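First up is the structure itself, then whatever we jot down about it.
The residues of the chain are indexed from 1 along the displayed sequence. As the structure is a computational prediction, the values presented were derived from the model and not from experiment.
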Amino acid sequence: MTQVKLYNSKKRFKELFEPIDTKNVRMYVCGPTVYDRAHLGNARPVVVFDMLYRLLRQVYGLKNVNYVRNFTDIDDKINSKSLETGEDIKSITDRTIDLYLQDMKELAALEPRSMPRATHFISQMIEMVTDLINKGHAYETDGHVLFDVDSYADYGSLSGRSIDDMIAGSRVEVAPYKRNPMDFILWKPSDVQTPGWDSPWGRGRPGWHIECSAMAHHHFGDSFDIHGGGNDLQFPHHENELAQSKCANPEGSFANVWIHNEMLQVEGKKMSKSLGNFFSVRDLLNQGIPGEVIRFVLLSTHYSKPMDWTQKKANEATATLRKWHGLVADIIPGKLDVVVLERVANDINTPGALARLHELAKNGDVAGLLAGAEFLGLLGQDSDWWRPQVVPSVIMQQIQNLVEARSVAKADRDFAKADEIRDKLSAAGIEIIDKPNGISEIIITSRLNLDQIR
């Protein structure tokens, strides 16, 4: 059996993965808060843990891997959106979940076996909070129930921070009802405009952290194999999950292996609305960038490294996938290449696996290329985006005219105009590569947006 090695964030080293039960390998991944469409940063953990899911199924068997990813459908951001738009909360969350699943399907992400919604597990959350109070790990005050971090000696073990460091490095909510500034909410009161459920502490709603603990325990019990998410969740969300789960179920380990993916940038800058580089997966799809290309780019950087989304990477991925699709058309996949499998098994090394696919393509092993690509969620046989687009001669002439006008502008040192033409062509789905001999190569990177050319 292939050996799987994973970097365990809690232990801070890579180790041989040994599941509790090879017939029931269990992985829980924190899913989205469903108030708006998934942005590109949300897509990265989906693709990372989809790849791990594919690996575990390959090694341990399809029926022996249980992947759970939740939906957070109780949250103040959802409540705010409902008040802002007048749309019913359930309508917002139902619609957003449907759109999320559609967008992730475009990225060839397999659906987990279970996708629980937090609102379906309120009774389990109340039960866990009650248990924590009874065991002396939580206290009620002013209609709130808080976890007492001083009651758990190992608090901070996951993130590797002391309590003083955690207070200094995070925005801790200061409240007079807290015994310790780091104590966190397990249950909070709801007003008449806010969703709420009856509880021993009055009408209210759960805190964010208790949601995942209750859902993970319901599906997997006191101990399971892998817990994953973005590294922005390591503290406080995962730290708090671990603390309350270990205190509620001290005989269990909760998660044995913790995996955290790094964050995503766009063209070297943090993605933000103020910089104008914040976009959803659907925005990219609507620009004509295929989901397969998005997935390829996300796989091209190791999950533990910061990932930089650039148009250049998207263009290179497009060219590679077009070439590979052409090679494997009408080909039956062969046996999965052992090097591809071993590289993914070595801490989800997808860049290394892609490099091996390049070797297989170069060596003419087309059946091996297809098998390896399908393992990575690429080269779907029902895809046709890659086929050459038939461009009318009149449109090609318009493109050529723009390219020539850009060359003239550059020769006249009118770089502002040259850049304007280049940006217009880029928006139309065309990349211009200037060769040393002065000739500009025209590359159609996606389905042409003819409105940009006319």
Run the side chain to side chain contact (heavy atoms under 4.5 Å, CB included) test on L186 and I133 for me, step by step, so that the C-alpha distance in whole Å, both residues' side-chain angles and the decisive distance to 0.1 Å come before the verdict. CA-CA 10 Å; L186 299 173; I133 293 174; over 6 Å; no
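- Remark: I332 CD1 is loosely packed, at most 12 non-hydrogen atoms of other residues, nucleotides or ligands lying under 6.0 Å away.
- Residues I126 and W201 are in side-chain contact: their nearest non-hydrogen atoms beyond the backbone lie under 4.5 Å apart.
- Paired with F224 under the rule ring pair (Phe, Tyr, Trp, His ring centres under 6.0 Å), one option of W258, F254, Y67 passes, and it is F254.
- I74 is listed as a side-chain neighbour of E211, based on a closest heavy-atom distance under 4.5 Å.
- Remark: R69 is not positioned above the aromatic ring of F49, lacking an NZ or CZ atom under 6.0 angstrom from the ring centre and at most 45 degrees off the axis.
- Between V281 and M104, some side-chain heavy-atom pair lies under the 4.5 Å cut-off.
- Under a cut-off of 6.0 angstrom, the local environment of CZ in F17 is crowded, with over 12 non-hydrogen atoms contributed by other residues, nucleotides or ligands.
- Side-chain atoms of E262 and N231 form a donor-acceptor pair, as typed in the model, at a separation below 3.5 Å.
- A distance of 9.0 Å separates CG in N249 from OG in S213, rounded to the nearest 0.5 Å.
- Here the CG atom belonging to L132 is positioned 11.0 Å from the CD atom belonging to E127, to the nearest 0.5 angstrom.
- For the pair L369 and L360, the tightest heavy-atom approach, listed with the atom from each and the gap, is N-CD1, 4.0 Å.
- Under the 4.5 Å side-chain criterion, counting only non-hydrogen atoms from C-beta, L52 is not in contact with V344.
- There is a side-chain donor-acceptor pair under 3.5 Å between E292 and H325.
- By the neighbour-count criterion of 12 heavy atoms within 6.0 Å, atom NZ of K313 is densely surrounded, having more than that number from other residues, nucleotides or ligands.
- Of the possible donor and acceptor atoms, none in the side chain of R44 sits under 3.5 Å from a partner among the backbone N and O of N42.
- At least one donor-acceptor pair under 3.5 Å links the side chain of S300 to the backbone N or O of V297.
- Below 30°, between 30° and 60°, or above 60°: for F121 and H219 the angle between ring planes is between 30° and 60°, a tilted geometry.
- Y177 places none of its side-chain heavy atoms less than 4.5 Å from the side chain of E140.
- Ring centroid separation for the pair F278 and H39 comes in under the 6.0 Å cut-off.
- Under the 30°/60° scheme for interplanar angles, the aromatic rings of H209 and F184 are found to stand perpendicular.
- There is no side-chain donor-acceptor pair under 3.5 Å between Y155 and D150.
- Atom CD of E87 has more than 12 heavy atoms from other residues, nucleotides or ligands within 6.0 Å.
- Heavy atoms only, all atoms of each residue included: L107 and G291 are closest at CD2-O, 3.6 Å.
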Step-by-step side chain to side chain contact (heavy atoms under 4.5 Å, CB included) determination, L341 to L55: CA-CA 8 Å; L341 177 59; L55 169 66; 3.8 Å; yes
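- Nearest heavy atom pair, residue W386 against residue R322, reads O-NE, 3.2 Å.
- In the displayed structure, Q3 atom CD is contacted under 6.0 Å by at most 12 heavy atoms of other residues, nucleotides or ligands.
- Across all their heavy atoms, M271 and G41 have their closest contact at CE-N, 3.6 Å.
- Residues T194 and N79 bring no donor and acceptor atom of their side chains to less than 3.5 Å of each other.
- Note that NE2 of H217 is 13.0 Å distant from CD of E241, once rounded to the nearest 0.5 Å.
- Looking at N70, D94, T72 one by one, the single match for side chain to side chain donor-acceptor pair (under 3.5 Å) with R117 turns out to be D94.
- Summarising the geometry, atom CD1 belonging to I259 is positioned 4.5 Å from atom CG belonging to L6; distances are rounded to the nearest 0.5 Å.
- Looking only at atom types and distance, the side chain of D283 has a donor-acceptor partner in the side chain of S280 under 3.5 Å away.
- In this structure, the side chains of M263 and K270 stay at 4.5 Å or more apart for every pair of heavy atoms.
- Remark: side-chain polar atoms of D337 are paired, donor with acceptor, to backbone N or O of V340 under 3.5 angstrom.
- In this structure the side chain of W208 never reaches within 4.5 angstrom of the side chain of N240, judged on heavy atoms.
- One N or O on the side chain of D225 and one on the backbone of I20 form a donor-acceptor pair closer than 3.5 Å.
- Atom CZ of R356 and atom CG of D365 lie 7.5 Å apart (nearest 0.5 Å).
- Not one N or O on the side chain of D347 forms a donor-acceptor pair closer than 3.5 Å with the backbone of N349.
- For the pair D183 (side chain) and K178 (backbone), a donor-acceptor distance under 3.5 Å is absent.
- Distance check, rounded to the nearest 0.5 Å: CE of M51 to CG of L56 gives 10.0 Å.
- For H238 against C30, the heavy-atom pair with the smallest separation is NE2-SG, 3.3 Å.
- Of the possible donor and acceptor atoms, one in the side chain of N8 sits under 3.5 Å from a partner among the backbone N and O of N256.
- A distance-only check finds no donor-acceptor pair linking the side chain of N66 to the backbone of R26 [under 3.5 Å].
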Would you check, one step at a time, whether the test side chain to side chain contact (heavy atoms under 4.5 Å, CB included) holds for H260 with S304? CA-CA 7 Å; H260 295 95; S304 65; over 6 Å; no
Would Y60 and M1 count as a side chain to side chain contact (heavy atoms under 4.5 Å, CB included) if you check the C-alpha gap in whole Å, the side-chain angles of each, and the deciding distance to 0.1 Å? CA-CA 8 Å; Y60 297 103; M1 180 179 288; 3.7 Å; yes
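- At least one side-chain heavy atom of F296 sits under 4.5 Å from a side-chain heavy atom of L354.
- Judged by distance alone, the side chain of R113 and the main-chain N or O of V65 form a donor-acceptor pair under 3.5 Å.
- A pairwise comparison of heavy atoms in H137 and S151 identifies ND1-OG, 2.8 Å as the closest pair.
- Under a cutoff of 6.0 Å and an axis angle of 45°, R57 and Y53 form a cation-pi pair.
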When you look at K10 and D154, which way does the salt bridge (Lys or Arg N to Asp or Glu O under 4.0 Å) test go after all the steps? CA-CA 12 Å; K10 191 173 191 296; D154 289 335; over 6 Å; no
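- A donor-acceptor pair under 3.5 Å is formed between the side chain of E267 and the backbone N or O of Q311.
- The number of heavy-atom neighbours closer than 6.0 Å to NZ of K135, taken from other residues, nucleotides and ligands shown, is above 12.
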